[in-house]
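Okay, structure first, notes after.
A quick note: this is a predicted structure, and the numbers were derived from the prediction, not measured. Labels below follow one simple rule: chain letters A, B, ... track the order of the sequence lines, proteins then strands, and each chain is numbered from 1.
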Amino acid sequence: MGIQALTSPVVLFFVLGLLAAFARSDLEIPEAIAKGMSLYLMAAIGLKGGIEVAESGLDGTVLAALAAGVGAGLLMPVYAYWLLKGLGRLSRINASAVAAHYGSISVVTFVTAVEIYTLQGNPPQGYMVAVMASMESPAILAGLLLARGLGSGDAQDRKALAQEVLLNPSVVLLLGAFAIGVIAGPQGFADVRPFFDGIFKGVLCLFLLDMGLIAARRIMDARAMTWRLVIIAILLPLVNGAIGTSLGVAIGLDTGSAAALGVLCASASYIAVPAAMRLALPEADPGIYLTMSLSITFPFNVLINIGLIGSLAAYLTGGGVAAP
Amino acid sequence: MGIQALTSPVVLFFVLGLLAAFARSDLEIPEAIAKGMSLYLMAAIGLKGGIEVAESGLDGTVLAALAAGVGAGLLMPVYAYWLLKGLGRLSRINASAVAAHYGSISVVTFVTAVEIYTLQGNPPQGYMVAVMASMESPAILAGLLLARGLGSGDAQDRKALAQEVLLNPSVVLLLGAFAIGVIAGPQGFADVRPFFDGIFKGVLCLFLLDMGLIAARRIMDARAMTWRLVIIAILLPLVNGAIGTSLGVAIGLDTGSAAALGVLCASASYIAVPAAMRLALPEADPGIYLTMSLSITFPFNVLINIGLIGSLAAYLTGGGVAAP
Amino acid sequence: MGIQALTSPVVLFFVLGLLAAFARSDLEIPEAIAKGMSLYLMAAIGLKGGIEVAESGLDGTVLAALAAGVGAGLLMPVYAYWLLKGLGRLSRINASAVAAHYGSISVVTFVTAVEIYTLQGNPPQGYMVAVMASMESPAILAGLLLARGLGSGDAQDRKALAQEVLLNPSVVLLLGAFAIGVIAGPQGFADVRPFFDGIFKGVLCLFLLDMGLIAARRIMDARAMTWRLVIIAILLPLVNGAIGTSLGVAIGLDTGSAAALGVLCASASYIAVPAAMRLALPEADPGIYLTMSLSITFPFNVLINIGLIGSLAAYLTGGGVAAP
Amino acid sequence: MIETVIRKRIEILADQAQARRVTDIIDKTGITGWTITPVTSGKGREGRWREERVMGTDKVFILTIASQENAAALAEKLAPILTSHGLLLTMWDVEVIRGERF
Amino acid sequence: MIETVIRKRIEILADQAQARRVTDIIDKTGITGWTITPVTSGKGREGRWREERVMGTDKVFILTIASQENAAALAEKLAPILTSHGLLLTMWDVEVIRGERF
Amino acid sequence: MIETVIRKRIEILADQAQARRVTDIIDKTGITGWTITPVTSGKGREGRWREERVMGTDKVFILTIASQENAAALAEKLAPILTSHGLLLTMWDVEVIRGERF
Ligand SMILES: Nc1ncnc2c1ncn2[C@@H]1O[C@H](COP(=O)(O)O)[C@@H](O)[C@H]1O
Ligand SMILES: Nc1ncnc2c1ncn2[C@@H]1O[C@H](COP(=O)(O)O)[C@@H](O)[C@H]1O
Ligand SMILES: Nc1ncnc2c1ncn2[C@@H]1O[C@H](COP(=O)(O)O)[C@@H](O)[C@H]1O
Ligand code: NA
Ligand code: NA
Ligand code: NA
């Protein structure tokens, strides 16, 4: 992603968070503020995606992109599972839980990638937000099937789970705000633009500061991490990112959107999926799945992989490597 | 209120909140954030009202508007009380508590109305903020007199209550910010405009998302609601809104301000009055008064009644029905 | 500081907070919001300082300013200590704790001063933010030496304390954001300007509202305050402010920067130092040190002393008294 | 071994709005102090509630450590308003160090 | 003197995500209510954690006052999932006023 | 019926800034874990306080379940700093399931 991205305040605040936590500073963002910023970012990204779709309309590739996203969300956990059980030596339960995380997506990784690709002149399409939302849940389903097989759990547990999966807060807020954007359109957006667009990148800076703090603290406390798992947490985003990007190019997405699909595949969930696993697979160890997704894959994606994926997309769509 | 208002992001976020909660999604806004937004909205609306008054000066109708507001705040609880005891079959305590809510006002309903009327070309006058602030407390007094008669409670309780009523946080913040606006004037406001004006509507969106979530959840949990009470919770804002608007026109207010007075009369408190009732009438059932004001009257006003009142005001001031 | 400053919304919100609390209103800002605003203000001030340095480069006076700041931070506690033990009649522990507060700095006092001096046409240099950050900790060291002499505490306590002192959240965030500003430079800042600059003054208003509430409430609850301590809490900022300003002029700072150094010397910490004292001197009474720094010195500085220091700096640099 | 004495620990669940009334009664009973902790949600006969400080419907726990006599006196004073003010009171014996403080 | 009766106070530390499951079991046991309070951080065999509600890793305390039989029934029902669901359960006797409510 | 054993529950009210010191002492005593819960406000001999995390003046409750010997050892270690560090310590017997864990 070149020099420009690494000197972007967004990335620098993330690095500051990492450094502060590694140095054992007590710097801390109140949880209510972090949660508020997370909701704000989802509402804003959903809304902006919807506005763009209202402006530009949908081209034929949107359905292909949705299908590609959901398909990847269902299949990536399968090979991730075998890797985690084999190379990673995890138990069935833990391997399934981790696999679900890698099949799903991270909103903030996506948002950071959109900022960077837009800076590089390759803004992804607005409908990629809908693709993102549709990729949150399928992997949870895949993960639970891997863990328990068909027909597990009692009726009530299943209902609670279906709700958690289908109506999880991120999905509802992303899709809801997206729909509002489509309905309200550009002139409805004008009034709320200073809030949802003007201050967006600044809020993202503070949110990434917090993510850096949390990611670094978690890995310092981690007990269950092994080198095998660290390797997998870097291998999976590389492989998934390459597959997703190629898939995007194959179905005819533009450079930015193909790269965005790659980033969605490469990213690992650290909000929606952990919440679902806490509910449905309480035996799985959060010390494994959160540390892998949050403390290894997330920084790897933000600092390195977003750049690699962008270059791959530029190369595959014939645009050459994007200028830094 | 026409198509335009219903496609405004502000209203759409409220609807999203209602739908998400009815679908039993876990979407939730941290309470500290909700409280922070509520304080922000009050400070901003107060400040903006004060600035407008500093700019335009006060015309003679302001005193009449204040008197009309306070008078309505004292008298509306009286007929509301009889309706609630008779038709609603509530106990004396509960009827008094509910009546106090309907005599007082809802800041967010007012703010939403101001946004909508301004969109429609009928911005209410800045001093209506002062009218709003002056209408918060009289109804609490009226409600307590209805519940306990004169001379109730011991001296200490009365002191605590007088403080709660006169210095309740909303009144202090609204009037304080209003005064700051008047003193600082337009050029003092310039520096803080991006915060208090620029992002105002966006914050209102998120706040209404939360209101939608809370309103819908409360009605789903409600046990004490009856059809009689539901009818009253729609009847009162209709009647009070019509009376308030007519009163506004009668004392010579412009279309927007008359409609705003109507909205103030139509709206029911869900912050200041519940807090006072918790303190002074702990025997009253919040399951009744909060559900009526928050889950029925508030959505009814935001989605329907603000539009009706706007049309009535336009009709009465001879402007015809406002264009959508 | 003249009429203009006293009608600035920033100062008026502070006064509103004081009045509301003295009138015993329940107005209250959620703690998470207050903490979030405090972090935001530090990140923003650090970032803006760094941007300015990236733009203007550093002139030779910056090292002198840093040395002056650190030196003052180490020496001011010494005479403060004697004053507090003698005139103030405090115990050794309490005198040392209070002295540390007056040697350190208050970020919000500095920020308010920057706003006011900039309005008056004398903006301090960007590097004064780095001077501020470097003045947070030396006084803590000085205070602990006064309290315990050399060689106190066990090894583990010392390590925890060194961390608290060197890596305390304010220092890390101020210096980290400053470094980000220097690296990202003006064009990196453009995207985040609406958040870190546009809404800055508005957030400062709400933060000062909260400071007013807290300052007034604390003094009403104070038991350990004596007239002697009140006098010292006004005397120290006067003396330290005059010394700091003169020092600034002596080392060749411009009017605004010399005044800013004066304000840093005059201000007393109420975040970083109390936290360190809680850890390292738990026997010291927060009822004394917080009440003095927060409830007396802070309002005195914001309402009066910033103006006096600005006039002194203008006088000493030959600019005459600043226009109001 | 350190010496401990037995005191009563009283815990009162109350509406936030009633907290001041309860702590005033504790003060008047001559008990040396109290501590308030937050409550997130609950369910009782009147149904479920969640913390909604915006609407003023949240509750708190008020804890106080007292001698047996003071505890009995406090329970006595609070009993009449328990039902009307929706309070919940439990108490039990605890060991404390520095018993002279309570 | 006010009359008190002895009830069991049960306190369960659980993941936020498991809270609903626990309160459903309390409800089904026929206990009249429960109260949830927040938890900030902790340390156990699996290491230290802090509240991180953004990531859904936080815990809560679930308190309930019940008769001895109901308390025993609840403990019986929760015992099988204590380890798999990472719950921590303690209980002790407390005095309550208005004992007919529990 | 499920089998329970008796353990000691110790509750320490401490300044947030002192929490680390207390949990380090708990760890060194060989107790398996601890849990921290938030505190909103309080009143003692030194007057009233409210949570003001911005100013670092807030307090927390530190809870730990331990065997009788470990509990006694902990009380012994904390006793000397109770007054200077403003701690408040109470403890009582509770029943736990899976007693081997504590
Ligand atoms: N058996 C119980 N155990 C614990 N808390 C209870 C119990 N019953 C009621 N509560 C709490 O007391 C509040 C009010 O109860 P009620 O007055 O019965 O609606 C509930 O919302 C719960 O927080
Ligand atoms: N009798 C008591 N019961 C409960 N909490 C107390 C009691 N006394 C003191 N506290 C708490 O301990 C804190 C410090 O007390 P003190 O050291 O006496 O000022 C107070 O702020 C209260 O939170
Ligand atoms: N001895 C203990 N005393 C108090 N809390 C404990 C204890 N052991 C564990 N916990 C709490 O239970 C949580 C889970 O413990 P564990 O399952 O052992 O990791 C910890 O994070 C603590 O919050
Ligand atoms: Na993925
Ligand atoms: Na009304
Ligand atoms: Na100073």
Which portion of [X] sits near chain F, non-hydrogen atoms under 4.5 angstrom:
| X | answer |
| --- | --- |
| D:Leu63 | side chain |
| D:Arg7 | neither |
| D:Ile65 | side chain |
| D:Thr4 | side chain |

Once rounded to the nearest 0.5 Å, what's the spacing between atom [atom1] of [X] and atom [atom2] of [Y]?
| X | Y | atom1 | atom2 | answer |
| --- | --- | --- | --- | --- |
| F:Phe102 | F:Lys8 | CZ | NZ | 15.5 Å |
| F:Ile12 | F:Leu78 | CD1 | CG | 5.0 Å |
| D:Leu88 | D:Lys59 | CG | NZ | 8.5 Å |

If you count heavy-atom pairs under 4.5 Å between each of D:Ile31, D:Thr32, D:Ile26 and chain F, which one has the most?
D:Thr32
Taking side chain as everything from C-beta outward and backbone as N, CA, C, O, which of these in F:Leu13 sits under 4.5 Å from a heavy atom of chain D? Side chain, backbone, both or neither.
side chain
Which atoms of F:Thr37 come close to chain D, meaning under 4.5 Å heavy atom to heavy atom: side chain ones, backbone ones, both, or neither?
neither
Salt-bridge contact D:Arg20-D:Asp24 (side-chain N to carboxylate O under 4.0 Å)
yes
Using a strict cut-off of less than 4.0 Å between a Lys/Arg side-chain nitrogen and an Asp/Glu carboxylate oxygen, indicate whether F:Lys43 and D:Asp27 qualify as a salt bridge.
yes
Can you find a side-chain donor-acceptor pair between F:Thr29 and F:Lys77 that sits under 3.5 Å?
yes
Tell me, out of F:Ile10, F:Thr90, F:Asp93, F:Leu89, who's got the most heavy-atom pairs with chain D below 4.5 Å.
F:Thr90
